[in-house]
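Treat the numbers as computed from the prediction; the structure is a model and nothing was measured. Values reported hereafter were calculated over all heavy atoms of this structure, with side chains retained and with hydrogens, waters and symmetry mates removed.
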Protein chains: 2
Amino acid sequence: MAKRAERKGDPVKLIGLLWRPTVSTGRSGLTPKLITDAAIRVADDEGLDAITLRRVAEELHVSAMTLYPYIAGRPELIELMLDAVTGEVYTGQDLPAGRSDWRDRVRHIVTANWQHHLRHPWTVDVRPGRPVPGPGASGKYETELRALDGIGLSDLEMEHTLTSLLATVSGLARETVELNRAREQSSQSDLQWWNEISPVLATAMAGLDHPTAERVSGTLGETTGLSADPEGALRHATEVLVAGLAALLEGR
Amino acid sequence: MAKRAERKGDPVKLIGLLWRPTVSTGRSGLTPKLITDAAIRVADDEGLDAITLRRVAEELHVSAMTLYPYIAGRPELIELMLDAVTGEVYTGQDLPAGRSDWRDRVRHIVTANWQHHLRHPWTVDVRPGRPVPGPGASGKYETELRALDGIGLSDLEMEHTLTSLLATVSGLARETVELNRAREQSSQSDLQWWNEISPVLATAMAGLDHPTAERVSGTLGETTGLSADPEGALRHATEVLVAGLAALLEGR
DNA sequence: ACCTGAACACCGTTCAAGT
DNA sequence: ACCTGAACACCGTTCAAGT
């Protein structure tokens, strides 16, 4: 486990794999791309923890050690997986830059990234590192910056807006994904869960007074039926961001 | 690894541990709190991956198996660690609700949480699950909601504002933390790193045209000397949020 | 009654041995 | 030249054995 995190990996080698994924080096017919696609299937179904070289190799009917010459190691494989799905965030739908109103372009970036994380839940579990740009991430970055270009923001403001926007989306997607996982694992709705917890919690918290928290989470539960509402938070955050950018641009 | 994620853990037991951490069950003198504090020291220095029961037990001069009766298991220990540091986000500084301008209260929440994540970098690596409220998280939630109370937002808007705000901070802190880790591990500055990568990358990307991305990351590099700037993105996002909330409130 | 050693079923990765 | 089995140094957790 500790060992996993320690190996550094060679960025130059990774770039080669990212940009030339169909070059085969062996006689088994394997390519980085074939391995990556198989791994994405496994991760979509079983989560990032299921991505072990033994498990992916099994999927491809080879031994785990066969994979090493093609993908260098586990961290590199995950980078390859991430870049592959990142490149598909806008496939099958129109590009954000196509919308005439910049507000709609911002909203489109938000929903496309949200759907992307829910389609590939493991993406919220991947630790970011020093970004080594692959074709997928590069193309997405260009697509999204274009949607923010020409509306009156400076280059730096465009970069900061996009970076923070994507951090908000992925942070809230992470909460949603893990909540869904918890719901599945316990096969309990939020209400059932709460009913099991609350008597114990009431005893534990006896004497403590958190009036604001009680009022607000009471309202949340009554309005949404949920104990936490990251998706609602994202809708709200998107509109606040749009209003804030508009105010910023108007003041010029 | 897969096994780690699979064990569910008993929430009722966890609540007991969270709220009565100094109850000792054995003759070794250990308590959940002592174990938790030792684990936090290890994690602050060596990261979340270093939190193995063997490693924590070594710190306390007992065997790994001794810990089980006190902390139930690794996932529960991490929850205990997280709640403990969460309770200290505002210790040693004034509470956000003390500021007279709500804008300053929002900014205070942002900086306190940012510093918290940088002080305990492992916090950005903990997977959120179904939240089991401990004393630390409950107190912080009350503190932060109070800072947003009475400025004209509905209960639901307060909740959504806080949730999205914290997701943005932790998402950007996560990027910063992992960037710092990568910089330490490679002992390379962003510039050195870039000089090693860019010739290989230029060859790989030959023929591809990403004019907006090139222009914007060029500006970012020239202005900040960095290849990525999550901290700047947070400053920008905070001001946009404040402006957006102000616009929302004015329209009423 | 509490503590712990050995054991189980996993990991990523290396390296020598097979084909 | 490519593929792979055994081995190494780890995990979390269980359970029977020790004190």
Side-chain angles (χ1 to χ4, degrees), chain A residues 1-10 13-14 17 23-32 34-35 39 42-43 46-81 122 125-127 129 185, chain B residues 1-10 13-14 17 23-32 34-35 39 42-43 46-81 122 125-127 129 185:
Chain A
M1 169 59 67
K3 282 199 134 185
R4 270 191 186 178
E6 276 160 26
R7 195 173 58 75
K8 283 183 256 186
D10 178 0
K13 183 162 189 184
L14 179 55
L17 294 173
V23 172
S24 182
T25 58
R27 71 189 167 213
S28 63
L30 284 178
T31 61
L34 281 171
I35 297 171
V42 172
E46 303 169 33
L48 193 60
D49 286 340
I51 298 301
T52 68
L53 295 186
R54 285 167 171 91
R55 176 76 186 80
V56 175
E58 181 196 6
E59 199 74 6
L60 294 160
H61 308 105
V62 294
S63 79
M65 294 64 89
T66 307
L67 302 181
Y68 274 88
Y70 299 93
I71 48 101
R74 186 178 187 268
E76 287 84 356
L77 172 59
I78 291 173
E79 289 297 313
L80 291 172
M81 293 166 62
W122 53 272
D125 292 321
V126 178
R127 282 194 198 181
Q185 266 192 18
Chain B
M1 169 59 65
K3 282 200 133 187
R4 271 192 186 179
E6 276 161 27
R7 195 174 56 78
K8 283 183 256 185
D10 178 1
K13 182 163 191 183
L14 178 55
L17 294 172
V23 173
S24 180
T25 58
R27 69 191 170 213
S28 64
L30 284 177
T31 60
L34 282 171
I35 298 171
V42 172
E46 304 168 34
L48 193 62
D49 285 341
I51 299 301
T52 68
L53 295 186
R54 284 167 173 91
R55 176 75 186 81
V56 175
E58 182 195 6
E59 198 76 3
L60 294 161
H61 307 106
V62 294
S63 78
M65 296 63 89
T66 307
L67 302 181
Y68 274 88
Y70 298 93
I71 48 101
R74 185 178 188 267
E76 286 85 356
L77 173 58
I78 290 172
E79 288 298 312
L80 290 172
M81 294 166 62
W122 52 272
D125 292 320
V126 178
R127 283 193 198 181
Q185 268 192 17

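The distance between atom CG of A:Leu77 and atom P of C:dT13, rounded to the nearest whole Å, is 10 Å. Atom pair B:Leu60:CG and C:dC2:C1' shows a separation of 17 Å (rounding to whole Å applied). Note: CD (A:Glu58) to P (D:dT4) measures 14 Å, nearest angstrom. Atom pair A:Leu67:CG and C:dT14:P shows a separation of 14 Å (rounding to whole Å applied). Put simply, CD1 on A:Ile51 is 12 Å from P on C:dC11, counting in whole angstrom units. One interatomic measurement links the two molecules: CD of B:Glu46 to P of D:dC11, which rounds to 11 Å at whole-angstrom precision. Between the C1' atom of D:dT4 and the CG atom of A:Leu53 lies a distance of 14 Å, rounded to the nearest Å. To the nearest angstrom, P of D:dC3 lies 16 Å from NE2 of A:His61.
Distances were taken from every side-chain heavy atom of B:Val62 (C-beta onward) to each of C:dG12, C:dT4, D:dG5; the shortest belongs to C:dT4. Comparing atom distances between the B:Arg54 side chain and each of C:dA7, C:dT4, C:dG12 picks out C:dA7 as nearest. In the set D:dT13, C:dG12, C:dT14, C:dG12 carries the atom at the smallest distance from any side-chain atom of A:Arg74. Nearest nucleotide to the A:Met65 side chain, out of C:dC11, D:dG12, D:dT4: D:dT4.
Secondary structure note: stems in DNA chain D built from 3 or more consecutive Watson-Crick or G-U wobble pairs under 3.5 Å occupy C:4-8 with D:12-16, C:12-16 with D:4-8.
Paired with A:Tyr70 under the rule side chain to side chain contact (heavy atoms under 4.5 Å, CB included), one option of A:Leu30, A:Thr31, A:Leu80, A:Leu77 passes, and it is A:Leu30.
Residues satisfying the side-chain hydrogen bond (donor to acceptor under 3.5 Å, both in side chains) test with A:Glu46, not counting sequence neighbours, are A:Arg55.
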Test log, rule side chain to side chain contact (heavy atoms under 4.5 Å, CB included), inputs A:Asp49 and A:Trp122: CA-CA 9 Å; A:Asp49 286 340; A:Trp122 53 272; over 6 Å; no
Evaluation steps, side chain to side chain contact (heavy atoms under 4.5 Å, CB included), between A:Leu60 and A:Leu67: CA-CA 10 Å; A:Leu60 294 160; A:Leu67 302 181; 4.2 Å; yes
Working for side chain to side chain contact (heavy atoms under 4.5 Å, CB included), residues A:Leu48 and A:Ile78: CA-CA 9 Å; A:Leu48 193 60; A:Ile78 291 173; 4.1 Å; yes
Trace of the side chain to side chain contact (heavy atoms under 4.5 Å, CB included) decision for A:Leu17 with A:Glu79: CA-CA 10 Å; A:Leu17 294 173; A:Glu79 289 297 313; over 6 Å; no
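Proximity of A:Thr66 to the phosphate of D:dT4: a side-chain N or O atom is located under 4.0 Å from OP1 or OP2. For C:dC3, one of the phosphate oxygens OP1 or OP2 lies less than 4.0 angstrom from a side-chain nitrogen or oxygen of B:Tyr70. For C:dT14, neither phosphate oxygen OP1 nor OP2 lies less than 4.0 angstrom from any side-chain nitrogen or oxygen of A:Tyr68.
Shortest non-hydrogen contact noted between B:Ala39 and B:Val56 is CB-CG2, 4.0 Å.
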